[in-house]
Amino acid sequence: METIWIGGAEWLAVLRIGLGLWWLESWRHKDRKSWFEHGTGIAWAADIAARHKWPAVKSGFETVVAPRPRLMAYVVVHAELALGLGLISGFLTPVALVGGLLLNLLYLVLMIHDWAEQGQNAMMALISLVALLGMSWQTWSLDSAMGLFL
């Protein structure tokens with residue numbers, strides 16, 4: 001692959017790092033005090049799940065999330081932080097890419113009626129897939145430096 005300035009492997013690393021920065025921004029802009037102490041994030045998701053056009057989303061939310069809202073708030077917020085840091089540093093990159101892809105698909109299903117959210121989640125899922133299939137951890141990553149996932 002010929003490119004301008006840097007090679008294909010480096011461009012995949014740029015894509016991976018950019019995705020990590022996107023996850024980090026998703027974590028940064030959350031009002032964590034409201035999420036953890038007042039449950040605003042999970043309450044918002046509960047409202048969306050209750051009105052969702054797919055009954056499986058409502059029942060899944062009631063089974064998995066509703067019984068443990070505080071724990072799920074911590075899981076969501078800290079998952080976004082871990083994904084961002086993992087992708088930026090290139091540590092456990094395939095795990096972070098698969099986790100991010102699954103989280104974006106979950107957000108995509110939950111927000112099926114909101115086209116503004118759909119664009120962001122669809123793009124993040126696509127970047128995750130490209131970075132995963134392109135093995136973006138081969139360059140500029142702790143995984144590469146440590147000889148992981150060769």
Side-chain angles (χ1 to χ4, degrees), residues 1-32 34-36 40-42 44-46 48-49 52-54 56-61 63-150:
M1 170 190 270
E2 290 194 35
T3 64
I4 297 173
W5 187 46
I6 58 177
E10 288 84 8
W11 280 118
L12 285 168
V14 168
L15 198 61
R16 181 197 82 229
I17 293 165
L19 180 61
L21 290 169
W22 203 342
W23 277 116
L24 214 53
E25 173 57 20
S26 184
W27 170 80
R28 188 202 63 80
H29 84 266
K30 280 187 175 44
D31 181 351
R32 287 176 288 289
S34 290
W35 267 71
F36 299 147
T40 56
I42 300 302
W44 169 79
I48 290 171
H52 205 280
K53 61 183 173 181
W54 297 345
V57 172
K58 180 180 179 183
S59 68
F61 189 91
T63 302
V64 177
V65 180
R68 46 192 84 72
R70 189 174 177 99
L71 172 66
M72 297 313 292
Y74 277 94
V75 167
V76 168
V77 171
H78 290 99
E80 291 180 352
L81 174 62
L83 290 168
L85 294 175
L87 293 171
I88 291 166
S89 67
F91 182 64
L92 299 177
T93 310
V95 175
L97 288 167
V98 169
L101 179 61
L102 293 174
L103 194 55
N104 278 124
L105 292 177
L106 181 66
Y107 292 167
L108 204 71
V109 167
L110 184 61
M111 299 299 296
I112 199 82
H113 66 283
D114 186 342
W115 288 106
E117 283 289 322
Q118 294 296 52
Q120 172 179 322
N121 289 303
M123 290 310 303
M124 290 176 81
L126 179 61
I127 293 168
S128 293
L129 191 59
V130 168
L132 182 65
L133 297 177
M135 298 171 51
S136 64
W137 54 89
Q138 294 180 15
T139 302
W140 301 340
S141 73
L142 291 175
D143 290 339
S144 177
M146 295 167 47
L148 301 175
F149 310 110
L150 299 175

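Heads up: numbering here begins at 1 and tracks the sequence.
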Straight-line distance of Trp44 CH2 to Ile48 CD1, nearest 0.5 Å
3.5 Å
What pairs with Ser34 under side chain to side chain donor-acceptor pair (under 3.5 Å), at least two apart in sequence or on another chain?
Asp31
Output for pair (Thr40 OG1, Lys30 NZ), nearest 0.5 Å, gives 10.0 Å
If I compare all heavy atoms of Ser128 with all of Leu19, which pair ends up nearest, and what's the gap?
OG-CD2, 3.3 Å
Starting from the C-alpha separation in whole Å, work towards a yes-or-no answer on side chain to side chain contact (heavy atoms under 4.5 Å, CB included) for Val76 and Trp35.
CA-CA 10 Å; Val76 168; Trp35 267 71; 3.8 Å; yes
Using the ring pair (Phe, Tyr, Trp, His ring centres under 6.0 Å) criterion, which residues pair with Trp54? Sequence neighbours excluded.
His52
For the NZ atom on Lys58, are there more than 12 heavy atoms of other groups (residues, nucleotides or ligands in this structure) within a distance under 6.0 Å?
no
How long is the gap from CZ on Phe61 to CE on Met72, to the nearest 0.5 Å?
8.5 Å
Ile127 vs Met124, test: side chain to side chain contact (heavy atoms under 4.5 Å, CB included). Steps then yes/no.
CA-CA 5 Å; Ile127 293 168; Met124 290 176 81; 5.6 Å; no
Which residues share a salt bridge (charged side-chain N to carboxylate O under 4.0 Å, His left out) with Glu10, sequence neighbours left out:
none
Using the side chain to side chain contact (heavy atoms under 4.5 Å, CB included) rule, take Arg16 and Ser141 through it: C-alpha gap first, then chi angles, then the decisive distance, then the call.
CA-CA 10 Å; Arg16 181 197 82 229; Ser141 73; 3.8 Å; yes
Among all residues two or more places apart in sequence or in another chain, which pass the side-chain contact (heavy atoms from CB on, under 4.5 Å) test with Phe36?
Arg32, Ala73, Tyr74, Val77, His78
After noting the C-alpha distance and the side-chain angles of Ile112 and Leu108, does the key distance pass the side chain to side chain contact (heavy atoms under 4.5 Å, CB included) rule?
CA-CA 6 Å; Ile112 199 82; Leu108 204 71; 5.7 Å; no
Once rounded to the nearest 0.5 Å, what's the spacing between atom CZ of Phe149 and atom CE of Met135?
11.0 Å
Return the CG to CG distance between Leu133 and Leu12, rounded to the nearest 0.5 Å.
10.0 Å
Indicate every side-chain donor-acceptor pair of residues 83-107 with a distance under 3.5 Å to a residue at least two apart or in another chain.
from: Ser89; atom 1: OG; to: Leu85; atom 2: O; distance (Å): 2.8
from: Ser89; atom 1: OG; to: Phe91; atom 2: N; distance (Å): 3.4
from: Thr93; atom 1: OG1; to: Gly90; atom 2: O; distance (Å): 3.1
from: Thr93; atom 1: OG1; to: Asp143; atom 2: OD2; distance (Å): 2.7
from: Asn104; atom 1: ND2; to: Asn121; atom 2: OD1; distance (Å): 2.8
from: Tyr107; atom 1: OH; to: Glu80; atom 2: OE2; distance (Å): 2.7

Go through the structure and list residues passing salt bridge (charged side-chain N to carboxylate O under 4.0 Å, His left out) with Arg68, not counting sequence neighbours.
none
With no hydrogens and no angle check, is any side-chain donor or acceptor of Thr63 less than 3.5 Å from a backbone partner on Gly60?
no
